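Notes follow the structure.
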Amino acid sequence: MQLSERALWCALPLLALGLVAHALTSHPLPMAAGIDWIPALGVSLSFRIDGLSALMLLMITGIGSAVFIYAGGYMHGHPGQRRLYALLSLFMLAMLVAVTADDLFVLFMAWEITSVLSFMLVGFEHERGSSRRAAQQAMLVTGGGGLAMLAGFTTLAMTMGTSSISTIVERLPSTEPTTALTVAMLLVIVGAFTKSAQWPFHFWLPNAMSAPTPVSAYLHSATMVKLGVYLLGRFDPGFGGWPLWSSVLLASGSITAVWGMLLALRERDLKRILAWSTVATLGTLVMLVGLRGEGAAAAVGALLLAHALYKAPLFFVAGNIDHGTGTRIIDELGGLRRAMPWTALIAALAGLSMAGLPMSFGYVAKDVIYEAKGAVDLLGVIKGANTIFGAIAVAVAGVAAVRVFWSAPRAGVTPSNAHEVGPSLLLPPLVLALCGLLLGIAPVYAESLLDAASFAMMPGTDPVHVRLTSLAALDLKHVAASLGVTLGIGALVYRYWDPLHRRLQRPMGRLLRYSSASYYDKLLGNLPRAAAALTRRLQHGALPGYMALCAGAMTLAVVGLMAAGLPSMAMPTFDGRAGPLGACALIVLGALSAALLRERMALMMGVGLVGYGSALLFVASGAPDVALTQFAVETVFVIVIAALLLAFRRARLERVQEPRWRPGSLLLSALFATAMTALLLVAVAVPFDDTLTRWYGENSVPAAHGHNVVNVILVDFRAIDTLVESFVVLLSFLAAAALLERLPQRPAEGATRRVMLDVVAPWLYALILGVAALALLRGHDEPGGGFVGGLLAVTATTLWAVVHGRDAARRRLPLGSPTALAALGVLLTVLAGLPALALGQPFMTHQWVDLGPWPLSTVLLFDLGVLLAVWGALGAYALALIDADIGPRVDEATP
Amino acid sequence: MSLWAVLPAAVPLLTATLCAAAFARPSLQRGISTVGAIALLLIAVGTLGAVVEGDAVSVAFGDWDSPFGILFRVDRLGAAMILAAAVIGAATMLYGNSGADAAPAHPMRRPLVHGVLAGVVGAFSTADLFNLYVWFEVSLISALGLLALGQRTDQLDAAFKYLALNLFGTLMLLAAVGALYAATGQLQFDAIGAALQRLPDGTALVLVGALTVAFLFKAAAVPLFAWLPASYHTLPTPLLALFGGLLTKVGVYAVLRTFGDAFAPAPDALVAALGWVAVATMLVGALGAAYHWDLRRILAFHIVSQVGYVLLAIAIGGEAGSSAALFYTLHDMIAKTNLFLIAGLMAASAGSFDLRQIGGLYKARPALALLFALPALALVGIPPLSGFWAKWMVLRAALADGQVAWAVAVFGVSVLTLYSMMKLWMEGFWKPHPIEGWRPSRATHPRAWAACLLLAGITVAIGVAPQAFVQYTQAMAVGLGATP
Amino acid sequence: MSLALIVAMWACFAAGLYLALSRDLLRIVVGLALLGSGVNLLLLAAGRVGSAQPAIVAAGQRALGDAANPVPQALMLTAVVIGFALMCYAFVLVVTLLRRTGSEDALALRAAEPPPIEAIKPPLPARDVDIGRTP
C-alpha cells in the first residue's frame, strides 16, 4: 500500500480525535442531539455526550489513531491491509455511535455491529482453522449476550415507556424493582458481561488473540471489551441502589479478576498472558462499578484510562517482538534490550504503569482504587481478590518488560535474528506510554476529564471532584501502605513464575474441566450430534413414514380439538334415515376390495366400484350433472389403470414385498376415517343455514336465465371457480408435457386395414362432436354443460387417433394443436367476462342478447371455453398416451 | 368495484395461458413472459397505492351481492403480499435468464412459473374459502410441473413425494372447507366469520382448528413439514428461490387471515396450541439446517424455521403480533429468495452446492461475499437490516404479551440461526478450497447479479428506513380487526 | 343424516389412507384417489341430503321447488374435475418413475434424500445432482 493511502486511512481517526477534542473543549457537557427515526416503534436517533462518553470517545479516537498508524507498519506488504483498514474504520464508527447513543436500540445496533466486525477481524487470517473457530466463539458468545441484552432493553423500554437512556437512568432509582425489571436488569448485565469477558463468559477473549496485533490492541483491550463496562457504568446511576446489582457486579468482577490472573500464569504466549490480564482488569473495572460511592466512580474512570494507556503499548510491544524475532513464546525470549532498545523502553514505561509504580498513571489509578476500597464497607474476600489481582499484575508487567528485555541474554533464549522494528511500529506505543508517564507525573491534566466521567456515573446532580495524587504530593508512607503488599507478592510471583506455572498446570487443568469454556466446547460439539439425531428421525426419506406422520398428526389434531370442544359442542343426532343402500354398498365393497385384496386387478375393480357407486349415489341424491361427470371421469380412470396394470404385467418389475395386513396402517386408517367422520358429524349437527340455497333457487331463472341451478352456479354465480378450474386443467397438461415427451412411441402401424371403421369414422366423429355441442347448449337448463361436452369431444379425438393415428387426430383438432386449443379455451372463459367491463359492470357479469328463441350470451361463450379447455388438455393427454409405450423398461438416466 | 382487485390475479393467469399458446415460438414466449412479469409488478404497485390509505379494493364477480357470488377483496395485507410476490417473480425470472444454474429451457417452464404466480396472487386476492382452495390447486399443479421438468431421477422422486403429501394436505383442506360449509352454510370469509359467532364454542373450535391444521400443512409447520425438505433442494436455483420465497407464505397468509381477520377472535386453546407448534417449527427448522451441508438443503430447512417465527407472531396476536407477522413475512420473502439465488451464484463459482467441497470464496469472490453477507445477516437479525426489525418486533410482541417461554424460544433459535449462517460463511467463504490450486469459474452472470442486488437493496432499504413499512403493517393489523 | 352415506364415506377414507400408506407407488396414487372420493362424499353430506329431485327449475316455474341442494353439487363438480386433472398428472409421473427406476417401491425413492452413511454428517450429493466440478 502506498504511503499516501496509508496516510489517508490514518487521517480518519486523527480527524475524529481532533473533532472530539474540539467539541469537548468548546462545549459544556452534556451535549445532546437527536432526530426521530422510527416513531412507530419508539426508536429515535438520539445522541448524548457526557463525561463517560467523552472519556470513551478520547480513548476510541486516541488509541485508534495509534492503532491505525501501527497497522500501517505492522501489516506492510500484507495483501489484506486495505481490508483491515476498512474494517477498523467501520469498527471505530460503530464504537463512536455506541458510546454516544442515547437510545437503547441505537446503542444495541452499534453493539451488534461491533460484534460482527469483531468476528470479521478475529477471523482476519481466515485460512487458519483456529482463527475461524476463535471468531465463531467470539461471535456466538457476544451475539448471544447481545440478544439477551436486547430482551432486557425491550422490557426496560416497555416498562419505562421510553427508550431514551438518560431518561430511564433518571427514573430508575425511584422505580419499584418488579420481577420483570429485575430480570431485565440481569439480562443487561449478561450482555455487558459477554462483551467485557466477565466470568462465566470470559473464555472467548484470549482465543480472540488470533487476530492481528493491531486488532487485539484496539478491540480486545482498549475499546470493544470496555463497552460492557461502559454500559454498566451508564446504568449504574439508575440501577445502583437496586438489590442484586452491586452484589452481582462485585462477585463476578472479583471472580473474573482473580481467575483471569491465575489463568495468565498458565500461558507461555506473551499475547495470551496479556489477554488474560486484560480479562482480569475488566473484572476489576466491573467490581469498581459495583462499588458504591464517589470514589468508586472516580476509580472506574481512572482505571479505564490507565489501562488503555499501558495495555495498548504492551500489545504493540508483543507485536514488535513478533515482528522482530518471529516468536511470542516467553521461553524463547530474553535479553532483547540490546537488539530492540526502543521497544524495551516502551515496555518499561508501560510496565511501570501496569505494576502501579510511582511516576506512572497506573499508580495514580491504583491510588484512587485504594481510596475507593477504603471508603466502603467491603467483604474481605473482595479486598483480597483485588490484592491478588494487583499482585499478579505486577508479575505480568515484570514478565512483559523485565524478563523479556532485561534478563541476561543466553544462547537458546535470545533469538539470533532479533532486530528492532521500524518507526511506524515504535512511535504510536511510545506516544501512548509517554502519555501515561506525563499523567503520572502531573495528573492534573486528567482531572477535569475524570471529574466529568465520575459525574456521569453518579446519581444526582452534585458536581464531583476527583482528587488525584500528583508526584509532588507523594507521601512515602502512603505509598508503602497502598503498594507494599501487592508489590511484595507480585515480586515473588515474578521470581517464581516458571515453577508456579508448572505447579498450577495439574490442579487448574482439573478445575478447567468444569469451566464455562469446556461447557461451550461440549455444547458446540454436541450440537451437530443432536441435529443429526433429530433430523434423521424426522426427515428420514421414506414416503410412507411421512404420510403416516401427517395423517397421524391430522387425526390427533381433530381428536384433540374435539376433546377440547366437547363440553360446548352441538351433538349430532340421527334421524334414522338409511339412505341409498345399494349405491353405498357398492362404494364400501369397492373401497374394501381395493384396500385389502392382494391382486393388483382388485385395485382397478375397487376404484371402479367406488366411482360408479358414487355416480349412482349422486343420481339417487338428485345430482345428475355430478353423476355424469363422475361416470365419465371414472371410466377414464379405470381404462388408465387397466392399461397400466396390463402393461406392467408384461415386464419383470421389482414387485413390492408388502404384507397384506399392516396392523399399524390399519389402525391409523381406521382412526383417521373415524376422526374425519366425526368432524363431519359435528359440523352437520348444527341446524343448516340454507340462505345460499334458497337464494340460488329463487334467482337462477329470473336473474341468470338458467333452469339448471347447478350449472348456473358453475358458470354464473361462482364462475370464477370454474374459470380457475379450467386453468388447472390446462396446467395439468402443461405439467405433464415434459414427462410425456420422453415416453417412446410405438412405431406407427402401416396403412390400416380397418376399412369398416375408416368409413364410419368421420360420421362417428361428427356425431360425437354433435352430442358434445348438444350437451354444451342444453347445459344451462338441463343436465349437461361444458365439462361433459369436453369429455365427449375428447372421446371423438381418441377415436380418430385410434383409426388414423395421432398426428391425423391432432390435425383434425381446431387450431391443429391441443395445447393451443386448451389455451384458447381458458382465454375464452376470460373473454366472456370482458363485455361487462366495457359496460362498467364488474368482471364476469354475464350479458344476454335476445335473438328470438335462442338467447345469445356470454354464458355460452364461457361454457364453450370450458369445453375447449377440457378438450384440448385431456385430448393432449390422450394423444400423447395413445401410441406411447408405457410399459416399464428402465431408461438411461437423464444427463 | 375496482379493477385493482382483479388485475393482479388476471395478469399471470393470462400470461401463463398465452405462453402456453406460444409454446412453439420460444422468443415470442419469452417476450410474453417478460411483459407479464413487468405488468404484474406495475399492477401490484398500483394495487398497493389504491389500498395504502385504508380502504380495501374489492370486486364482486358477476355483480352478485355477497355472499352469493365470489368476492375478491384486496386489503393492506393482500396488497403487500401481492407486491412481494411480484417482486420475487420478477427477480427470479431475471435470474433465470442468466446462466447460473438455470432451469432447463423447456417450453412449458414459463407458463408453469406464471401458473405458480397466478395461484399465489389469486390466493392473496380472494375472499371466498372454496375459491382459496382452487387457487391452492393452481399453485400445486404448477409446482409439480416445475419439480419434474428437469426429469432427473432425484427430481422425479421429489415430485412424487411432493405430490403425495400435498395432495393429502389439499384434500384435508377441502374437507375442512366442506365441514365449515356444513356448519355455516356459507363460503365467503365474512359470512363464515359472522356465522361462527352464532355457533356453540366447541363446534367453532373444532371447525376453525381443522381449517388451521390444513393451512399449517401448506405452510410447512411441524409436524406436517416433511414435504418441503424432501423436495425443494432438487430444483434449479431460480425455481428454488421462487418456491422458497412464495409457496409456504400462502399457507402462513391463510393462517393469519383465519386467526387475525376472517374468523377472529380465535379460541384461546387454539392460539396457545399454534404458539407451541410455532416453537417446534422454529426448532426443527434450525436444527435441520445445522445438520445439513448442502446449501440448498440448509436453506430449505431455514424456510421452515422462519415460518415458525411468523406463526409465533400470529399466535401472539393483537396489533403487535399481527404487524410483526406481516413485517416478518415480507422481510423473509425477500431475504430468503435472495439467499437461494446467491447460493446458486456460489455454486456456479465454486463448483458445488456442498459446503464440504467448496471454499475460498472470500478471497476469490469478495463481492459475492459481501452480497451474501447482506441477506445472511438480515436472516440472523443483525441491524441495520430488515431482519433485525422483524425479529425485534416478534420479540417485543412476545414480551409485551408476557410469553416468556416463547421469547426464550425466539432467543434460542436466533442463536442457532446465527450458528448456521456462520457455518455457511466459514465453510463456504473463509475456509480454503479443498482442492489445491483451485480457480473459480470465470463466467459472469450480470443478470443474476442484478436480481440479487435488487433484492439486497430492498433488504437494506427496509433496514435503514423501516418507519413506512412498520406503519403500514401496524395499520394493517388494526384494519384486520385486531385489538391494539 | 343418511347412515349409509356416512358408512360409505368412512370406508373411502379408511381404505384410501390404508392404500396411501402402502409402499407400492400405484397403490399410493389409488389411495389418494379414494381419499378424494371420500371428500366428495363429505361435501355431499355437508349440504344435507334431503330431497332426491335434481336441482332443476321446472319449465315454466321461476323458482326451485323442493330439490337437492345445488351448492355442494357445484363444489363437488369442481373438486372432481380438479382431482381428475391431478390424477392424470400423477399417473404420468408414476409411469415415468417406474420406467426410470424399475421399481414400484416407494422406499426405493431415495434419490432426493439419500440414506445417511456416516455417523453425523449427511452424505455428499451425487455428481449429477450437484453442479459438476472438475475432479
Side-chain angles (χ1 to χ4, degrees), chain A residues 528 532 541-544 547-548 551 574 577-579 581 584 587-588 591 595 603 607 610 614 621-624 626 629 633 640 653-654 656 658 665 669-670 672-673 676-677 680 688 692-693 696-698 701-702 707-710 713-714 721 725 728-729 732 735-736 739 877 886 888 890-891, chain C residues 1-6 8 10-15 17-21 23-24 30 34 37 42 45 48-49 52-57 62-64 68-71 73-74 76-78 80-82 84-85 88-89 91-92 95-96 98-100 102-107 109-110 113 116 120:
Chain A
L543 179 59
M547 193 71 93
F574 278 108
R577 240 169 348 146
L581 281 173
C584 292
I587 297 176
V588 173
L603 275 180
V607 166
V610 169
S614 301
S621 308
V626 190
T629 313
V633 162
V640 167
L653 262 189
E654 195 186 307
V656 180
E658 202 175 31
S665 303
S669 312
F672 173 75
M676 299 306 288
T677 311
L680 175 71
F688 187 57
L692 241 53
T693 311
Y696 288 146
E698 283 158 19
V701 172
H707 284 257
N708 181 353
V709 185
V710 177
I713 296 178
L714 282 173
D721 276 346
E725 165 211 324
V728 172
V729 172
S732 164
L739 300 175
Y877 266 111
I886 61 173
V890 183
D891 272 345
Chain C
M1 231 321 77
S2 164
L3 193 59
L5 181 56
I6 299 293
W10 188 97
C12 279
F13 278 127
L17 185 62
Y18 188 71
L19 283 172
L21 290 171
R23 275 168 60 182
D24 181 358
V30 170
L34 274 181
S37 298
L42 189 150
R48 308 299 193 282
V49 181
Q53 284 295 322
I56 299 181
V57 179
R62 283 181 67 78
L64 196 60
N69 189 347
V71 176
Q73 294 186 26
M76 282 157 69
L77 252 173
T78 311
V80 165
V81 173
I82 290 180
F84 180 57
C88 286
Y89 175 84
F91 280 121
V92 172
V95 166
T96 314
L98 286 171
R99 291 182 59 89
R100 179 65 59 81
S103 162
E104 307 173 308
D105 195 354
L107 291 180
L109 289 180
R110 300 309 298 267
E113 295 185 280
I120 299 185

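Below, chains carry the letters A, B, ... as their sequence lines are ordered, and counting in each starts from 1. All values derive from a computational prediction rather than experimental measurement.
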Compare every heavy atom of [Y] with every heavy atom of [X], then report the nearest pair and how far apart it is.
X       : Y       : value
L581(A) : A4(C)   : CD2-CB, 4.1 Å
V607(A) : V30(C)  : CG2-CG1, 3.2 Å
G541(A) : E113(C) : CA-OE1, 3.4 Å
T96(C)  : V92(C)  : OG1-O, 2.7 Å

When rounded to the nearest 0.5 angstrom, what is the spacing between CG in L19(C) and CE in M547(A)?
->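 Going from the CG atom of L19(C) to the CE atom of M547(A) covers 10.5 Å.
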Spatial distance of atom OH (Y877(A)) from atom OG (S732(A)) [nearest 0.5 Å] =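 That separation rounds to 3.0 Å.
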Select, from [options], the one with the greatest count of heavy-atom pairs under 4.5 Å involving chain C.
options                            : answer
V728(A), V610(A), L603(A)          : L603(A)
A548(A), A673(A), A670(A), A591(A) : A673(A)
I587(A), V729(A), V710(A), N708(A) : V710(A)
L739(A), L543(A), T629(A)          : L739(A)

Heavy-atom contact with chain A under 4.5 Å, split by part of R23(C) |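 Contact with chain A is through both the backbone and side chain of R23(C).
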Report the residues that fulfil side-chain contact (heavy atoms from CB on, under 4.5 Å) with S665(A), sequence neighbours left out, ordered by chain and then residue number.
->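 Per chain and number, S665(A) pairs via side-chain contact (heavy atoms from CB on, under 4.5 Å) with R662(A), Y18(C), L21(C).
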Residues in side-chain contact (heavy atoms from CB on, under 4.5 Å) contact with V626(A), at least two apart in sequence or another chain |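 So V626(A) forms a side-chain contact (heavy atoms from CB on, under 4.5 Å) with F618(A), A623(A), Q73(C), M76(C), L77(C).
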Looking only at heavy atoms and a cut-off of under 4.5 Å, which of [options] has the most pairs with chain A?
options                : answer
A74(C), C12(C), A68(C) : A74(C)
P70(C), S37(C), A20(C) : P70(C)
T78(C), I82(C), V80(C) : T78(C)
L64(C), L42(C), V57(C) : V57(C)

Region of V588(A) in contact with chain C, defined by heavy-atom distances below 4.5 Å |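 Contact with chain C involves both backbone and side-chain atoms of V588(A).
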Using non-hydrogen atoms and a 4.5 Å limit, figure out which bit of Y696(A) sits close to chain C: side chain, backbone, both or neither.
->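 The answer is the side chain of Y696(A).
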